[in-house]
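Note that the numbering runs from 1 along the sequence shown for the chain. As the structure lists them, so they are numbered: ligands from 1, and atoms in each ligand from 1. Note that the structure is a prediction, hence the values are computed from the model and not measured.
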Amino acid sequence: MKAITKRSWAEPYKMKMVELLKMTTRQQRLKAIKDAGFNTFLLNSEDVYIDLLTDSGTNSMSDRQWSAFMTGDEAYAGSKSYFILEETIQKYYGYKYVVPTHQGRAAENILSQILIKKGDIVPGNMYFTTTRLHQELAGGTFVDVIIDEAHDPLNEHPFKGNVDIVKLEKLVKKHGAKKIPYVCVATNVNMAGGQPVSMANLKELRAFTKKHGIRIIHDMTRVAENAYFIQQREKGYEKKSIQQIVKEICSYTDGATMSAKKDALVNIGGFMAINDWDVFEEARNLVVVYEGLHTYGGLAGRDMEAIAVGIVESLDDNHQRARVGQVLYLGQKMLEYNIPIVKPIGGHGIFVDAKAFLPQLSQDQFPAQTLAAELYIDSGVRTMERGIVSAGRKPNGENYYPKLELVRFTIPRRVYTQAHMDVIAESAAAVYDKRKSIKGLKMVYEPKYLRFFQARFERLK
Ligand code: F0G
């Protein structure tokens, strides 16, 4: 008899309803990806078997969230659902004032317009596509101040999301604190591979910014996943709950933008939160222009109810253990097949190193874009490019050449099973087996903004 060496996690929920998936043939998938210009964003989701494009808005809501939906107050002004959301954010995150928005980038737009002046410098722990664009549209220049380890897919630093305080200090010396409206700190850094920031780093950053009178704005889109890693890896936090850790993280920052479509387990929604009354006042003015009245900000009352319940569910220790546990399970399977992935395994997905997977391709031949297309053709698994296409162009028109050229296998929350994870890993392994025969792509259509969403490609001969 086999001895017990470990006790497994399992999902702290069961299924009450399922969504049937369409199975396709290789021939059908080949046609679909050609029609989509070899861009997985342009596939029809009906042609996708397992959809790992994003963990954004793709969550399964719980029975409690669906019940809360029915209690939404759809009043144009002063909706009770707004007050429930506000109270939940105040209680669990600790921010004082809340402006709901239809999703994260709307909060980024409003915040950037208020805080950034032309010529300002906005340091951040790696860029995110929409966040940086809103900073640039407001007249700012983004500067990456993440630690160097984050740009190395093989470096096993436990907190690759950390801010490099020395880099930040140099920026302050060069430009002066007045030119830096805030430091943007993302928890569980998406583009680095879902990598966490440590509490020690946040404390150090708080002390440094306080000294210079610079705000910290928190991109808290995946804060609970970050808290899980702190609980698992940082000394002194082993016995703290995710709920306690999240509140402490937020306490070192002055405000936040949130895409509730991730951590908060809903399909749409976001908010801006801030401790400063004057900024809040201005945000309440602006939200009316872009989103809707300040007590709904582009959301239905029912959406705000579902977010409030989702926030509480996201802070449950068992939920995060299963959530991140599923991602780890997939990553470990892929490592068994020797597939080059970003390490340590992150919180919301597996990031495959496309440069290492397809070393025969130059970055101008779009290795990550190519790999995402090949995976889809192999099995109908849809992933996303996070490399040179996503990085886009600088304001002067030159391409950014990011060090990381990745394919993201993003896992929606509470949606797929362990058996799906097996199928995904096996498909990645099948493509890896034939990697030497894979040729790259050329871009034949390039949109002006956020080109990765709509760019089209053709196969190189
Ligand atoms: N910040 C981070 C770290 C994000 O990952 C996202 C969205 C946003 C802000 C913007 O939020 O989509 O609600 O407007 N990330 C999605 C993704 C799109 O697939 O990674 P949004």
Answer yes or no: does atom OH of Tyr400 have more than 12 heavy-atom neighbours from other residues, nucleotides or ligands under 6.0 Å?
yes
Find all atoms of ligand 1 within a distance of less than 4.0 Å from any non-hydrogen atom belonging to Arg222, and give their numbers and elements.
3 (C), 4 (C), 5 (O), 20 (O)
What residue and atom, counting heavy atoms only, is the protein's closest point to atom 13 (O) of ligand 1, and at what distance?
Ser259 OG, 2.6 Å
Give the residue, atom name and distance (to 0.1 Å) of the protein heavy atom nearest atom 2 (C) of ligand 1.
Asp219 OD2, 3.4 Å
Can you spot which of Glu225, Glu313, Gln320 makes a side-chain hydrogen bond (donor to acceptor under 3.5 Å, both in side chains) with Arg413?
Glu225
Can a donor-acceptor pair be found between the side chains of Tyr93 and His218 at a distance below 3.5 Å?
no
Can you tell me how the ring of Phe453 sits relative to the ring of Phe41, calling it parallel under 30°, perpendicular over 60° and tilted otherwise?
perpendicular
The protein heavy atom nearest to atom 9 (C) of ligand 1 is Glu108 OE2, 3.0 Å
Which protein non-hydrogen atom lies closest to atom 21 (P) of ligand 1, naming both residue and atom, and how far is it?
Gln103 NE2, 3.3 Å
Atom 8 (C) of ligand 1 - nearest protein heavy atom and its distance:
Phe128 CE2, 3.4 Å
Give the numbers and elements of all ligand 1 atoms closer than 4.0 Å to a heavy atom of Thr54.
17 (C), 19 (O)
Does ligand 1 have any atom sitting under 4.0 Å from a heavy atom of His348?
no
Show the numbers, then the answer: is there a side chain to side chain donor-acceptor pair (under 3.5 Å) between Tyr296 and Asp303?
CA-CA 9 Å; Tyr296 75 86; Asp303 295 322; over 6 Å; no
Looking at ligand 1, does any of its N/O atoms fall within less than 3.5 Å of an N/O of Gly104?
yes
In the protein, which heavy atom is nearest to atom 10 (C) of ligand 1, and how far is it?
Thr130 OG1, 3.5 Å
If I take atom CG from residue Leu52 and atom CD1 from residue Ile424, how far apart are they, to the nearest 0.5 angstrom?
4.5 Å
Identity and distance of the protein heavy atom lying nearest atom 7 (C) of ligand 1:
Lys262 NZ, 2.6 Å
Check contact between Met191 and ligand 1, using heavy atoms of the residue and a distance below 4.0 angstrom.
no
Distance-only N or O hit between ligand 1 and Lys261, under 3.5 Å:
no
Given Gln231 and Asp317, is the side chain to side chain donor-acceptor pair (under 3.5 Å) satisfied, shown in steps?
CA-CA 10 Å; Gln231 187 188 57; Asp317 287 39; 2.8 Å; yes
Tell me the protein heavy atom at minimum distance from atom 12 (O) of ligand 1, and give that distance in Å.
Arg105 NH2, 2.9 Å
Under-4.0 Å heavy-atom contact with ligand 1, by part of Arg408 that carries it
side chain
Is the charged tip of Arg386 near the ring of Phe452: under 6.0 Å from the six-membered ring centre and within 45° of its axis?
yes
Any chance you could measure Ile84, atom CD1, to Ser79, atom OG, to the nearest 0.5 Å?
8.0 Å
Near Lys117 NZ, under 6.0 Å, is it more than 12 heavy atoms from other residues, nucleotides or ligands?
no
